[in-house]
A.B. asks: 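Could you have a look at this structure, given as structure tokens, before my questions?
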Protein chains: 2
Amino acid sequence: MTTCKADTALEILIGKWKHKILFQLMTHEVLRFNELKRAIPGITQKMLTSQLRELEQNDIIERNVYPQIPPKVEYSMTEYGQSLRPILEAMHEWGQNHIKHLEQAYSKAQE
Amino acid sequence: MTTCKADTALEILIGKWKHKILFQLMTHEVLRFNELKRAIPGITQKMLTSQLRELEQNDIIERNVYPQIPPKVEYSMTEYGQSLRPILEAMHEWGQNHIKHLEQAYSKAQE
DNA sequence: CGGCATCCATGACGATACTG
DNA sequence: CAGTATCGTCATGGATGCCG
């Protein structure tokens, strides 16, 4: 416990977009490339592609290519990827609470 | 739940060092500047200082200055900061498991 | 549709030196 | 002891254009 292995988890979640991608895939089961792109405002194709590749390499998500024209590629979480769910949800919850916390701190500063 | 507030939590944890600092403070209650520096190999003074400042601004840690020569500054987690503990621990645990997962994937690749 | 290749800006991070 | 201050770097992320 003296050494910190949270690095490993953070390495996978870090990046401006990865957790957002995972959130979409946690709530949608299966999504196509452009569905993800639409669901995540501001992300560029390049970023979406690279982040998906990294998540795929880490066995967090699965990439399914349908060899047809026009191409169709579906992304979904792997069973292993599901193990991240509690962490993501905990962070999500904590984040929401933190916003309240900030508001409280702000109103106290106004007194 | 459609929007992802995990951002907020990640913003606080992101950075190469913040989670390591928090881990030390989670396991040690109170630490002085140089104690932290020694406990986290590779970190520079500049990084330690800046990361501590950011955590302090987010009300995660507390900074206690003893006005004396030589100076003495102690850092500890705030009560609010303790709310991050479950997340850090979950990530730590997940990280350890992930290492095993990688080893399994590797040995399978060898078959 | 779902990419990849290229170029470019920014800022996170680091090395080093100095200070009350 | 616990910091600033300054400067340099390199990776991350972003904009754009082309392709099967």
Side-chain angles (χ1 to χ4, degrees), chain A residues 4 6-25 28-58 60-77, chain B residues 4 6-25 28-58 60-77:
Chain A
C4 169
D7 307 42
T8 321
L10 275 174
E11 268 169 34
I12 285 171
L13 296 178
I14 272 182
K16 200 171 171 182
W17 305 106
K18 283 193 194 140
H19 62 284
K20 297 198 179 187
I21 295 172
L22 291 178
F23 241 76
Q24 291 303 320
L25 289 176
H28 288 91
E29 193 81 17
V30 174
L31 285 173
R32 297 182 58 173
F33 186 86
N34 273 347
E35 287 174 333
L36 273 169
K37 191 168 182 314
R38 272 191 300 270
I40 306 174
I43 198 169
T44 60
Q45 277 150 337
K46 175 192 169 182
M47 278 302 107
L48 183 52
T49 307
S50 68
Q51 309 278 291
L52 285 169
R53 292 292 175 282
E54 289 176 27
L55 288 169
E56 192 190 356
Q57 280 176 26
N58 286 314
I60 308 296
I61 66 170
E62 209 168 347
R63 181 169 184 261
N64 239 295
V65 184
Y66 296 80
Q68 61 186 40
I69 305 287
K72 176 178 173 183
V73 182
E74 287 183 344
Y75 294 92
S76 56
M77 294 198 80
Chain B
C4 168
D7 306 43
T8 322
L10 274 174
E11 268 169 34
I12 284 171
L13 297 178
I14 273 182
K16 201 173 171 182
W17 304 106
K18 283 192 194 142
H19 62 285
K20 298 199 179 187
I21 295 172
L22 292 178
F23 242 77
Q24 292 301 321
L25 289 176
H28 289 90
E29 193 81 17
V30 174
L31 285 173
R32 297 181 60 173
F33 186 85
N34 272 348
E35 288 175 333
L36 273 169
K37 191 168 183 311
R38 273 191 298 272
I40 305 172
I43 197 168
T44 60
Q45 278 147 338
K46 177 193 168 182
M47 277 302 106
L48 183 52
T49 306
S50 70
Q51 308 279 290
L52 285 169
R53 292 290 176 282
E54 289 176 28
L55 288 170
E56 191 191 355
Q57 279 177 27
N58 286 314
I60 309 295
I61 66 170
E62 209 168 346
R63 182 170 184 261
N64 240 294
V65 184
Y66 296 80
Q68 60 187 41
I69 306 287
K72 176 178 172 184
V73 182
E74 287 182 344
Y75 293 92
S76 56
M77 294 198 80

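In what follows, chains are A, B, ... by sequence order, proteins preceding strands, each numbered from 1.
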A.B. asks: Taking 4.0 Å as the cut-off, does a side-chain nitrogen or oxygen of B:R32 come that near to OP1 or OP2 on D:dC1?
C.D. replies: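 Answer is no, no contact under 4.0 Å.
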
A.B. asks: C:dA12 P sits how many Å from B:L10 CG, rounded?
C.D. replies: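 Nearest whole value for this atom pair: 15 Å.
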
A.B. asks: Taking atom C1' of C:dG2 as reference, at what distance in whole Å does atom CD of A:Q51 sit?
C.D. replies: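 Going from CD in A:Q51 over to C1' in C:dG2 covers 17 Å.
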
A.B. asks: Give the rounded distance in Å between these two atoms: NZ of A:K16 and C1' of C:dA9.
C.D. replies: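 Taking atom C1' of C:dA9 as the reference, NZ of A:K16 is at 13 Å.
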
A.B. asks: Using a 4.0 Å heavy-atom cut-off, write out nucleotides 3-10 of chain D from 5' to 3' as B (base contacted by protein), S (sugar-phosphate only) or - (no contact).
C.D. replies: BB-BB---

A.B. asks: Taking CD1 from B:I43 and C1' from C:dC13, how many angstroms apart are they, rounded to a whole number?
C.D. replies: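 Nearest whole value for this atom pair: 11 Å.
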
A.B. asks: Return the value, rounded to whole Å, for the distance between atom NE2 of A:H19 and atom C1' of D:dG13.
C.D. replies: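 To the nearest whole Å, that distance equals 14 Å.
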
A.B. asks: B:K37 vs B:N34, test: side chain to side chain contact (heavy atoms under 4.5 Å, CB included). Steps then yes/no.
C.D. replies: CA-CA 5 Å; B:K37 191 168 183 311; B:N34 272 348; 4.0 Å; yes

A.B. asks: May I have the distance from A:M47 (atom CE) to C:dG3 (atom P), rounded to whole angstrom?
C.D. replies: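 That distance rounds to 14 Å.
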
A.B. asks: Just how far, in rounded Å, is P of C:dC4 from CG of A:L48?
C.D. replies: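 Spelled out: CG on A:L48 to P on C:dC4 is 11 Å.
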
A.B. asks: Rounded off to whole Å, could you give me the CG-to-C1' distance for the A:L31 and C:dG2 pair?
C.D. replies: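 Rounded to the whole Å, the gap is 15 Å.
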
A.B. asks: Just call it for B:K37: base, sugar-phosphate, or nothing, with non-hydrogen atoms closer than 4.0 Å on any strand.
C.D. replies: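 Since no nucleic acid heavy atom lies under 4.0 Å of B:K37, the category is nothing.
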
A.B. asks: What pair of heavy atoms forms the shortest contact from B:R32 to B:E74, and how long is it?
C.D. replies: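 Heavy atoms only, the tightest pair is CG-CG, 4.0 Å.
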
